[in-house]
Chemist: 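Please read through the structure below; I'll follow up with questions.
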Amino acid sequence: MENKLNIKYVKTKSHDNQCYIGAFLENQLIGFLRYKFNNGGNAWLYFVGVKREYRHLKNEQIGSSLMRIFENECHRCRIWDIEGKYWPKGEEGDVVKRFYLRNGYQIIREDYDLLVSKQNPKKYDLSFDVEDMEYEKFELILNDYLNIDEDELAN
């Protein structure tokens with residue numbers, strides 16, 4: 001059985017109201033989720049990804065943890081409609097589809113990209129804390145993370 005990693009989760013918001021949730025291991029960003037709440041009362045999920053070597057760890061479920069934090073934020077802000085788009089890169093499309101389906105999302109469209117949706121996200125009881133982080137600090141770390149090979153980023 002795998003040892004449970006000591007992953008720290010943070011959230012932050014940019015000056016243009018894009019929100020980020022990050023997963024850190026020993027001060028290294030290993031995954032993040034980017035979203036925005038729209039004026040129409042819905043959320044747009046731009047991206048969720050985890051570094052390749054940390055994906056598919058059953059004891060960790062880093063991608064699903066990022067999604068749960070995001071959905072808790074939606075619930076807290078009374079956002080009941082989530083949409084997102086995924087352009088397959090890095091992972092096989094079936095792996096990505098299974099990830100979204102496992103997390104309660106519906107596949108709305110599937111052609112050159114994948115459009116997903118979820119209604120009425122529920123509030124999750126998390127077994128970990130989520131800390132606030134200043135956006136400027138997160139942005140520096142994120143820029144370093146984004147300089148890695150693009151194939152490592154896609155979920």
Chemist: Do the side chains of Glu71 and Arg68 get close enough for a salt bridge, i.e. N-O under 4.0 angstrom?
Modeler: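 Judged by the 4.0 Å cut-off on N to carboxylate O distance, Glu71 and Arg68 do not form a salt bridge.
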Chemist: Can you list the steps and then say if Lys123 with Arg76 is a side-chain contact (heavy atoms from CB on, under 4.5 Å)?
Modeler: CA-CA 8 Å; Lys123 184 173 182 342; Arg76 183 181 64 78; over 6 Å; no
Chemist: Closest approach of Gly22 and Leu66, non-hydrogen atoms and distance?
Modeler: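 Gly22 and Leu66 have their closest heavy atoms at C-CD2, 4.1 Å.
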Chemist: Quick check for you: to the nearest 0.5 Å, what is the distance between Leu29 atom CG and Lys51 atom NZ?
Modeler: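 Separation between the atoms: 7.5 Å.
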Chemist: Going hydrophobic residue to hydrophobic residue with side-chain gaps under 4.5 angstrom, can you get from Phe128 over to Leu25?
Modeler: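 Same cluster: Phe128 reaches Leu25 through Ile, Leu, Val, Met, Phe, Trp or Tyr contacts under 4.5 Å.
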Chemist: With rounding to the nearest 0.5 Å, note down the distance linking CG in Leu33 to CD1 in Ile69.
Modeler: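 If I round to the nearest 0.5 Å, the distance is 8.5 Å.
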Chemist: Strictly distance-based, threshold 3.5 Å: is any side-chain N or O of Ser117 a donor or acceptor partner for the main-chain N or O of Gln106?
Modeler: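 Judged by distance alone, no pair lies under 3.5 Å.
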Chemist: Within a radius of less than 6.0 Å around CG of Asp125, do more than 12 heavy atoms belonging to other residues, nucleotides or ligands occur?
Modeler: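 Not buried by this count: 12 neighbours or fewer within 6.0 Å.
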Chemist: Using the six-membered ring wherever Trp is involved, compare the ring planes of His75 and Trp80 and label them parallel, tilted or perpendicular (cut-offs 30° and 60°).
Modeler: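 His75 and Trp80: perpendicular rings.
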Chemist: Given Thr12 and Phe32, is the side-chain contact (heavy atoms from CB on, under 4.5 Å) satisfied, shown in steps?
Modeler: CA-CA 11 Å; Thr12 191; Phe32 77 96; over 6 Å; no
Chemist: Kindly state whether the ring of Phe99 and the ring of Tyr105 have centres lying under 6.0 angstrom apart.
Modeler: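 No: the rings miss the under 6.0 Å criterion.
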Chemist: Given 3.5 Å as the limit, does a donor-acceptor pair link the side chain of Asn147 with the main chain of Asn143, or not?
Modeler: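 Present.
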Chemist: Please tell me if the side chains of Phe70 and Ile79 come closer than 4.5 Å, counting only heavy atoms from C-beta onward.
Modeler: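 With C-beta onward as the side chain, the pair stays apart.
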Chemist: Shared ILVMFWY cluster between Val50 and Tyr124, side chains joined below 4.5 angstrom?
Modeler: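 Shared cluster, yes.
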Chemist: Where do Phe37 and Ala43 come nearest, in terms of heavy atoms and distance?
Modeler: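 Smallest interatomic distance, heavy atoms only, reads CD2-CB, 3.7 Å.
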Chemist: Would you say that Val96 contacts Tyr100 through its side chain, given a criterion of any heavy-atom pair below 4.5 Å between the two side chains?
Modeler: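 Counting from C-beta outward, Val96 and Tyr100 do come under 4.5 Å.
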Chemist: Just wondering, more than 12 heavy atoms not from Glu26 lying within 6.0 Å of its CD?
Modeler: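 Atom CD in Glu26 is not crowded, with 12 or fewer foreign heavy atoms closer than 6.0 Å.
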Chemist: Kindly assign one of parallel, tilted or perpendicular to the pair Phe138 and Tyr135, based on the angle between their ring planes and the thresholds 30° and 60°.
Modeler: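 The arrangement is tilted - the two ring planes meet at 30° to 60°.
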Chemist: Are any of the side-chain heavy atoms of Asp81 and Gln119 separated by less than 4.5 Å?
Modeler: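 Yes - at least one pair of side-chain heavy atoms lies under 4.5 Å apart.
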Chemist: Any idea which heavy atoms bring Asn103 and Lys118 closest together, and the distance?
Modeler: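 That would be O-NZ, 2.8 Å.
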Chemist: Below 4.5 Å, heavy atoms only, C-beta onward: do Leu101 and Arg98 meet side chain to side chain?
Modeler: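 Side-chain contact under 4.5 Å: no.
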Chemist: Taking Glu60 for its side chain and Tyr54 for its backbone only, find out whether a donor-acceptor pair lies under 3.5 Å.
Modeler: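 No: the side chain of Glu60 does not pair with the backbone of Tyr54.
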Chemist: Any idea which heavy atoms bring Tyr20 and Ser14 closest together, and the distance?
Modeler: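 Looks like CE1-CB, 4.4 Å.
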Chemist: Are Lys11 and Asp132 side-chain neighbours, meaning at least one heavy-atom pair lies under 4.5 Å?
Modeler: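 Yes. Closest side-chain heavy atoms under 4.5 Å.
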Chemist: Where is the tightest heavy-atom contact between Tyr9 and Ser65, given as atom of each residue plus distance?
Modeler: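 In this case the closest contact between Tyr9 and Ser65 is OH-CB, 3.3 Å.
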Chemist: Which atom names give the shortest non-hydrogen contact between Val48 and Gly63, and what distance separates them?
Modeler: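 Looking at all heavy atoms of both residues, the closest pair is CG2-O, 4.3 Å.
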Chemist: Between atom CD of Gln28 and atom CD1 of Ile141, what is the distance when rounded to the nearest 0.5 Å?
Modeler: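 Between atom CD of Gln28 and atom CD1 of Ile141 there are 10.5 Å.
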Chemist: Please determine whether the number of non-hydrogen atoms from other residues, nucleotides or ligands lying under 6.0 Å from atom NZ of Lys36 exceeds 12.
Modeler: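 Yes, because the 6.0 Å sphere around NZ of Lys36 holds more than 12 heavy atoms from other groups.
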Chemist: Hey, are the side chains of Val10 and Val130 touching, using non-hydrogen atoms and a 4.5 Å cut-off?
Modeler: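 Result no, sub-4.5 Å side-chain heavy-atom pair not found.
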Chemist: State which residue, out of Ile62, Ile21, Leu45, Ile82, fulfils the side-chain contact (heavy atoms from CB on, under 4.5 Å) condition with Met67.
Modeler: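 Exactly one candidate clears the test, Leu45.
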Chemist: With rounding to the nearest 0.5 Å, note down the distance linking CD in Glu136 to CD in Glu139.
Modeler: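 Reported to 0.5 Å precision, the distance equals 7.0 Å.
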Chemist: Apply side-chain contact (heavy atoms from CB on, under 4.5 Å) to the pair Met133 and Phe24, showing each step before the final yes or no.
Modeler: CA-CA 12 Å; Met133 179 180 274; Phe24 287 84; 4.0 Å; yes
